[in-house]
There are 2 protein chains.
Amino acid sequence: MSAEVSPGKRRRGPSMADVARLAGVSGQTVSRVANDRHNVDAETRDRVRAAMNQLGYRPNSAARALRNGEYRSIGVIVFELHSFGTTRTLDAIAIAATIRGYSINLVPVLDVTQSAVTNAFGRLGEQAVDGVIILIEAHTLDAAGVRLPEGLSVVVVDSSAHYDYPIVDTDQRQGARLATEHLLDLGHKTVWHLGGPPTSFAADRRRRSWEQTLIDHGREVPPVYDGDWSATSGYEAGCRLAEDDQVTAVFVANDQMALGLLRALYERGLAVPDDVSVVGFDDMEEAAHFWPPLTTVRQTFTEVGRQSVDALIAEIHSGEHHNAPVAVPTELIIRRSTAPPRSV
Amino acid sequence: MSAEVSPGKRRRGPSMADVARLAGVSGQTVSRVANDRHNVDAETRDRVRAAMNQLGYRPNSAARALRNGEYRSIGVIVFELHSFGTTRTLDAIAIAATIRGYSINLVPVLDVTQSAVTNAFGRLGEQAVDGVIILIEAHTLDAAGVRLPEGLSVVVVDSSAHYDYPIVDTDQRQGARLATEHLLDLGHKTVWHLGGPPTSFAADRRRRSWEQTLIDHGREVPPVYDGDWSATSGYEAGCRLAEDDQVTAVFVANDQMALGLLRALYERGLAVPDDVSVVGFDDMEEAAHFWPPLTTVRQTFTEVGRQSVDALIAEIHSGEHHNAPVAVPTELIIRRSTAPPRSV
DNA sequence: CGCGCGCATGTTGACGTCAACATCGACGCG
DNA sequence: CGCGTCGATGTTGACGTCAACATGCGCGCG
């Protein structure tokens, strides 16, 4: 049903010149029609449109980019699409960019060694992009000490303060405080913390804010347990936490680790929320169906994506960046994994 | 520490001509150095390299694409990065493409209405891509009845047989059989099925294969329950399933729905695996930490990604496609959500 | 000693588009 | 009736790169 492949080797599609010839006009007129300029006679426009359809003409974006000095494309650097947050943010970025007429160039970093990151940035220089959004945790970036190609606009989605680049992220501080105070309000004497990896600024912020909240309320600050965001690490930390019967409330730095923690508690015969209350962070889809359904801090990734695209586009057009970090607020979703401590 | 922004308005980076001038050679020689041609004197090459570094020269990919008639870029059409499988496959595609020297152009479809899909495909025609991988469930595509711009190579990641395009996907048939036979082998009289949405070919394949397996073993085929891949839909179907005390074994079409099902069973006081055995599909990270840890069918997304990129690149270069579908095998991961039926 | 060959390097033009400028006809107004 | 204006359309060249075709030099060999 398809076929129609001319045996010749030419694969290039029709160009403006071809359309122009068929419609009996100049290339410039075709260009005007293609770009919806209004100063074209209606009858001429129709004729050109018809010729375009007949030939299946598509403007050549390389030529356009070359001519205009602008690609209308944004590079997004990511490392593994395993984490829920990264994935969601990427989705939001892609949608926001599309709406604004930009396309997305996905640049995966194969591993987080210095050379791989440097490499990816190098590749990026040759990529057809007007600007870059960095979606990898910034500590890594810091350690690698790489500089991006100059003259490229950049926005970082993370919570580091150590950057020259504009920053957009969830308000980690507010989210962690929300979670911690919720547990305190329920009557828990203090709140334990299962944190993310020390290489993550986001994890760092959540940890500090949890600590500060406890201090502000005059509570004791228990030792921190660290995970790496994975459910497995949450399970492992949970096994250790479960041995301490002082623990009545835990704020976990993300939902996946919270899932591992829940499992560890079950295996030890501890009831949630009766024996231990648990709060997560992210509000991934599944959180509502954990057992019990997880109380957690909801991030609005859509907003993070939108804001970072807006910041980048502004930077691309102005040529300079505003350094004020953007912090997107969170919301506490209360489900059934939290309750007042048993008895009192 | 940065600054150095010339107040002039020109933003364009240095071109070959600039490098050539600085190094005292012709543009062509710079081109040869940039492309690692060997017929350049070592001393000259060093001089050119030095000039490149000094100026921060980056080849202009638009000009290169225009000149070569090739973008070295692959478009990937996706609809929402919510499902585990899509995300993982995208990641694998991005990595495989990068290794082969192609970049990834992510094209989100805003919703699955016909107009949105058509629209996305239209946009794609103007995109700087040599080929396209379609990562949305193909039924939708079918319904929309859109044709892609001609002359563009396409690979579909899904299990439809109704396409002119080459297809790469997990071997749904084999996976579903694996799951069903595992439950039968344990001694269950028959196996219930909680399927994915009827609009998905993948879900369809899994359902048919489950059914065929039961028939092959001479078992009764119970009515199917349908979900939409989400944990919530699994929960809802689970509530209905739990009322039928005939049910001792369920094969669920993905892990997320299995999670919802587990929750529903718990709430009804049914023990897994003692009262009901459950098998999922996907083997997402969290599956090992569900309660109980979920027996499931592992898909190797890496392989699906790699194969689809390879197929697409082959098609781009040959100009024609081989229509033999590629089916990537699965593996059954046995955990603790399955056991022989209680007593007998 | 002269011819030819191989190698490093230079010159030219074309890829497709679009801004800037040029052209041309129609129409209005003094 | 002539001049100015405006709107539609055409012509030219440049964006940056690279293949194809010069050019020019040194060296080996008869």
Side-chain angles (χ1 to χ4, degrees), chain A residues 9-49 51-52 55-73 125-130 149 151, chain B residues 9-49 51-52 55-73 125-130 149 151:
Chain A
K9 55 174 291 191
R10 79 165 320 202
R11 311 224 38 239
R12 232 117 154 160
S15 72
M16 279 197 165
D18 299 315
V19 177
R21 206 170 308 119
L22 180 61
V25 297
S26 76
Q28 184 55 211
T29 300
V30 178
S31 169
R32 283 191 264 255
V33 172
N35 291 51
D36 272 324
R37 301 262 181 277
H38 46 287
N39 51 339
V40 178
D41 189 73
E43 194 265 334
T44 310
R45 183 175 49 238
D46 292 346
R47 199 149 31 90
V48 172
R49 286 256 167 75
M52 283 177 168
L55 265 49
Y57 168 78
R58 296 279 154 196
N60 179 313
S61 60
R64 194 172 263 184
L66 176 59
R67 176 67 243 244
N68 298 345
E70 191 199 21
Y71 299 98
R72 301 232 104 212
S73 178
E126 312 190 10
Q127 226 59 237
V129 297
D130 302 310
Chain B
K9 57 174 293 193
R10 80 163 320 200
R11 310 223 38 237
R12 230 116 152 159
S15 73
M16 279 198 163
D18 300 315
V19 176
R21 206 170 309 121
L22 180 60
V25 297
S26 76
Q28 185 55 214
T29 300
V30 178
S31 169
R32 283 191 264 255
V33 173
N35 291 46
D36 273 324
R37 301 261 181 279
H38 43 288
N39 51 340
V40 178
D41 188 75
E43 194 263 335
T44 310
R45 184 174 49 239
D46 293 347
R47 198 147 36 89
V48 173
R49 288 254 166 77
M52 283 176 168
L55 264 49
Y57 168 77
R58 296 280 152 195
N60 179 314
S61 59
R64 195 172 264 183
L66 177 58
R67 176 67 243 245
N68 298 343
E70 191 200 22
Y71 299 98
R72 302 232 104 212
S73 179
E126 313 190 9
Q127 226 59 238
V129 297
D130 302 310

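Naming: A, B, ... by sequence-line order, numbering from 1 per chain.
- Between the C1' atom of D:dC18 and the CD atom of B:E70 lies a distance of 14 Å, rounded to the nearest Å.
- Closest of all the heavy-atom pairs between A:Y71 and B:N60 is OH-OD1, 3.4 Å.
- Relative to the axis of its first five pairs, the axis of the last five pairs of the helix from C:dC1-D:dG30 to C:dG30-D:dC1 sits at 60°, rounded to 10 degrees.
- In this structure, A:R47 places its CZ atom 12 Å from C1' of D:dA8, rounding to the nearest Å.
- In this structure, the side chains of A:V48 and A:R45 stay at 4.5 Å or more apart for every pair of heavy atoms.
- The CG-P distance, from B:N60 to D:dC18, rounds to 10 Å in whole Å.
- OP1 or OP2 of D:dC18 lies within a sub-4.0 Å distance of a side-chain N or O belonging to B:N35.
- As rounded to whole Å, 18 Å separates atom P of D:dT17 from atom CZ of B:R72.
- Looking at residues two or more places apart in sequence or on another chain, you find a salt bridge (charged side-chain N to carboxylate O under 4.0 Å, His left out) between A:R47 and A:E43.
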Write down the protein N/O and nucleotide N/O pairs, taken from nucleotides 10-14 of chain D, whose separation is under 3.5 Å; answer none if there are no such pairs.
| residue | atom | partner | partner atom | Å |
| --- | --- | --- | --- | --- |
| D:dG10 | OP2 | A:S26 | N | 2.8 |
| D:dG10 | OP2 | A:S26 | OG | 3.0 |
| D:dG10 | OP2 | A:T29 | OG1 | 2.8 |
| D:dG10 | N7 | A:R32 | NH2 | 3.0 |
| D:dG13 | N2 | A:R67 | NH1 | 3.1 |

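- Each of B:N68 and B:R45 has a nearest nucleotide on DNA chain C; the 5'-most of these lies closest to B:R45.
- Here the closest heavy-atom approach between residue A:L66 and residue B:A63 is recorded as CD1-CB, 3.8 Å.
- Going from atom CG of B:D46 over to atom C1' of C:dA8 covers 15 Å, rounded to whole Å.
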Given B:M16 and B:V19, is the side-chain contact (heavy atoms from CB on, under 4.5 Å) satisfied, shown in steps?
-> CA-CA 5 Å; B:M16 279 198 163; B:V19 176; 5.7 Å; no
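- A search for salt bridge (charged side-chain N to carboxylate O under 4.0 Å, His left out) contacts involving A:R72 returns A:E70, not counting sequence neighbours.
- By the 4.0 Å N-to-carboxylate-O rule, A:D46 lies too far from A:R49 to be salt-bridged with it.
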Side-chain donor-acceptor distances from residues 22-33 of chain B under 3.5 Å, at least two apart:
| residue | atom | partner | partner atom | Å |
| --- | --- | --- | --- | --- |
| B:S26 | OG | B:Q28 | N | 3.4 |
| B:S26 | OG | B:T29 | N | 3.4 |
| B:S26 | OG | B:T29 | OG1 | 3.4 |

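- Computed from coordinates, the B:Y71 OH to D:dT17 P distance equals 17 Å when rounded to whole Å.
- A straight line from CZ of A:R21 to C1' of C:dG16 spans 13 Å, rounded to a whole angstrom.
- At the phosphate of C:dT17, OP1 or OP2 sits under 4.0 Å from a side-chain N or O atom of A:Y57.
- Contacts of residues 36-44 of chain B with DNA chain D (heavy atom under 4.0 Å): B:R37.
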